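First the structure, in the form of structure tokens, and then the observations on it.
The first residue of the sequence shown is numbered 1, and numbering continues consecutively from there. In this text, all values refer to a predicted model and were calculated from it rather than measured experimentally. Both backbone and side-chain heavy atoms feed into the values below; hydrogens, waters and symmetry mates do not.
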Amino acid sequence: MPQSSTRSRKFKAILAGGIVLGVGAAVTLAAWTDNEWAEGTFGAGSFNVQGSTTGAEDSFTDHESSEGAASLSFDLDGGDNLSPGDTVAAPFVLRLDGETSYDASVVLDNAAGSGDNPAALTYEIVTVADAAACSASATGDSIVPVGTALGSMAGAQDFALTAGADATAGAPVTLCFKVTADDTLAQGQDTTAQWQFTATSAE
């Protein structure tokens with residue numbers, strides 16, 4: 001056999017071997033591929049303020065609109081028989097419900113008076129120990145200063161609500177509303193007052 005023919009066969013054999021080795025190298029690299037995955041789950045907390053006119057454990061509920069406002073029960077026959085110089089009082093108790101995850105800062109966000117005698121009435125809000133302690137002579141931390149016009153929020157102070165632990169409701173804060181009539185009070189007329197409190201979650 002001629003020498004050139006032998007060299008040709010050897011070259012082809014080496015080239016074929018090179019091709020086989022190349023394929024084998026590619027398969028080896030693919031076999032070393034690896035993956036890692038990571039995942040996070042993010043749950044939102046809960047936040048809800050409830051109100052009660054008595055502070056009884058089973059009386060707390062939501063009052064989320066002016067149409068569903070809690071009806072405060074003022075003393076002196078429900079505040080229906082005011083005369084000049086009278087002051088009547090009623091409690092309103094706020095707390096965070098058992099599902100709430102965060103403390104809150106609460107502020108008087110709106111005050112309004114309508115009817116025939118709003119200009120003859122002023123109010124004050126103080127904090128007291130409980131609903132039974134709310135009276136015309138009650139004293140406590142000032143939330144709204146004495147002598148504030150019925151539709152005004154001038155001088156209003158914010159206050160804190162504390163969330164409970166282990167699905168229990170937070171500690172209640174009792175607000176004592178005191179409304180006073182002046183000498184311009186007209187007889188036989190009705191006046192309606194509404195107050196809106198806004199709670200903001202605190203970190």
Side-chain angles (χ1 to χ4, degrees), residues 49-97 104-162 169-200:
V49 181
Q50 299 175 314
S52 167
T53 59
T54 66
E57 181 63 29
D58 61 354
S59 67
F60 285 90
T61 187
D62 296 324
H63 308 90
E64 298 179 340
S65 67
S66 58
E67 293 78 13
S71 182
L72 303 184
S73 180
F74 286 91
D75 54 16
L76 191 63
D77 295 328
D80 291 336
N81 294 310
L82 280 172
S83 58
D86 282 339
T87 297
V88 292
F92 188 46
V93 189
L94 296 175
R95 75 177 188 186
L96 296 169
D97 72 7
S105 176
V106 185
V107 64
L108 178 62
D109 207 27
N110 191 35
S114 60
D116 302 298
N117 269 317
L121 301 173
T122 60
Y123 77 105
E124 173 187 14
I125 303 176
V126 297
T127 60
V128 293
D130 53 38
C134 181
S135 68
S137 59
T139 59
D141 292 338
S142 177
I143 302 302
V144 177
V146 63
T148 301
L150 203 59
S152 172
M153 300 171 292
Q157 302 295 312
D158 61 356
F159 59 95
L161 291 176
T162 303
V173 171
T174 302
L175 305 176
C176 184
F177 289 71
K178 301 195 289 181
V179 176
T180 299
D182 67 20
D183 292 339
T184 66
L185 186 72
Q187 297 182 34
Q189 306 299 318
D190 291 329
T191 298
T192 299
Q194 281 196 335
W195 297 274
Q196 177 189 358
F197 291 90
T198 299
T200 303

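With sequence neighbours excluded, the residues forming a side-chain contact (heavy atoms from CB on, under 4.5 Å) with S66 are Q194, listed by chain and number. For F177, the ring-ring contact (aromatic ring centres under 6.0 Å, His included) partners are W195, not counting sequence neighbours. Shown here are the side-chain hydrogen bond (donor to acceptor under 3.5 Å, both in side chains) partners of T192, two or more places apart in sequence or in another chain: there are none. Legend: residues meeting side-chain contact (heavy atoms from CB on, under 4.5 Å) with Q157, ordered by chain and number and at least two apart, are absent. Contacts of D116 classified as side-chain hydrogen bond (donor to acceptor under 3.5 Å, both in side chains), with partners at least two apart in sequence or in another chain: none. A129 meets the side-chain contact (heavy atoms from CB on, under 4.5 Å) test with no other residue; sequence neighbours excluded. Among residues two or more places apart in sequence or in another chain, the side-chain contact (heavy atoms from CB on, under 4.5 Å) test is passed with S105 by D158. Remark: E67 engages no residue in a salt bridge (charged side-chain N to carboxylate O under 4.0 Å, His left out) (not counting sequence neighbours). Qualifying side-chain hydrogen bond (donor to acceptor under 3.5 Å, both in side chains) partners for T198, counting only residues two or more places apart in sequence or in other chains: D109.
Taking every heavy atom of both residues into account, A181 and S83 meet most closely at CB-O, 3.8 Å. The shortest heavy-atom contact between S73 and A90 is O-CB, 3.4 Å. Here the shortest heavy-atom pairing between A156 and L108 reads CB-CB, 4.2 Å. When all heavy atoms of D183 and P84 are compared, the closest pair comes out as OD1-CB, 3.6 Å. Pairing each heavy atom of P145 with each of G155, the nearest pair is CD-O, 3.6 Å. Of all the heavy atoms in A131 and T54, the pair that sits closest is CB-O, 3.2 Å.
Side-chain atoms of V146 and V126, non-hydrogen and from C-beta on, never get closer than 4.5 Å to each other.
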Check against side-chain contact (heavy atoms from CB on, under 4.5 Å), L175 and L94: CA-CA 8 Å; L175 305 176; L94 296 175; 4.1 Å; yes
From CA spacing to verdict: side-chain contact (heavy atoms from CB on, under 4.5 Å), D62, Q50: CA-CA 5 Å; D62 296 324; Q50 299 175 314; 3.6 Å; yes
Mind running side-chain contact (heavy atoms from CB on, under 4.5 Å) on F60 and D97 for me, showing each step along the way? CA-CA 9 Å; F60 285 90; D97 72 7; over 6 Å; no
Test side-chain contact (heavy atoms from CB on, under 4.5 Å) applied to L96 and V49, step by step: CA-CA 5 Å; L96 296 169; V49 181; 3.6 Å; yes
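Listed by first and then second residue, the ring-ring contact (aromatic ring centres under 6.0 Å, His included) pairs that reach into residues 124-145 come to none, sequence neighbours excluded. For the side-chain hydrogen bond (donor to acceptor under 3.5 Å, both in side chains) condition, the pairs that include at least one residue of residues 120-131, sequence neighbours left out, are E124-K178. Sorted by first then second residue, the side-chain hydrogen bond (donor to acceptor under 3.5 Å, both in side chains) pairs that include residues 141-155, not counting sequence neighbours, number zero.
Taking the six-membered ring where tryptophan is involved, the planes of F92 and H63 are perpendicular, since the angle between them exceeds 60° and thus also 30°.
Rounding to the nearest 0.5 Å places CD1 of I143 at 7.5 Å from CD1 of I125. Here the CG atom belonging to D86 is positioned 11.5 Å from the CG atom belonging to D182, to the nearest 0.5 angstrom.
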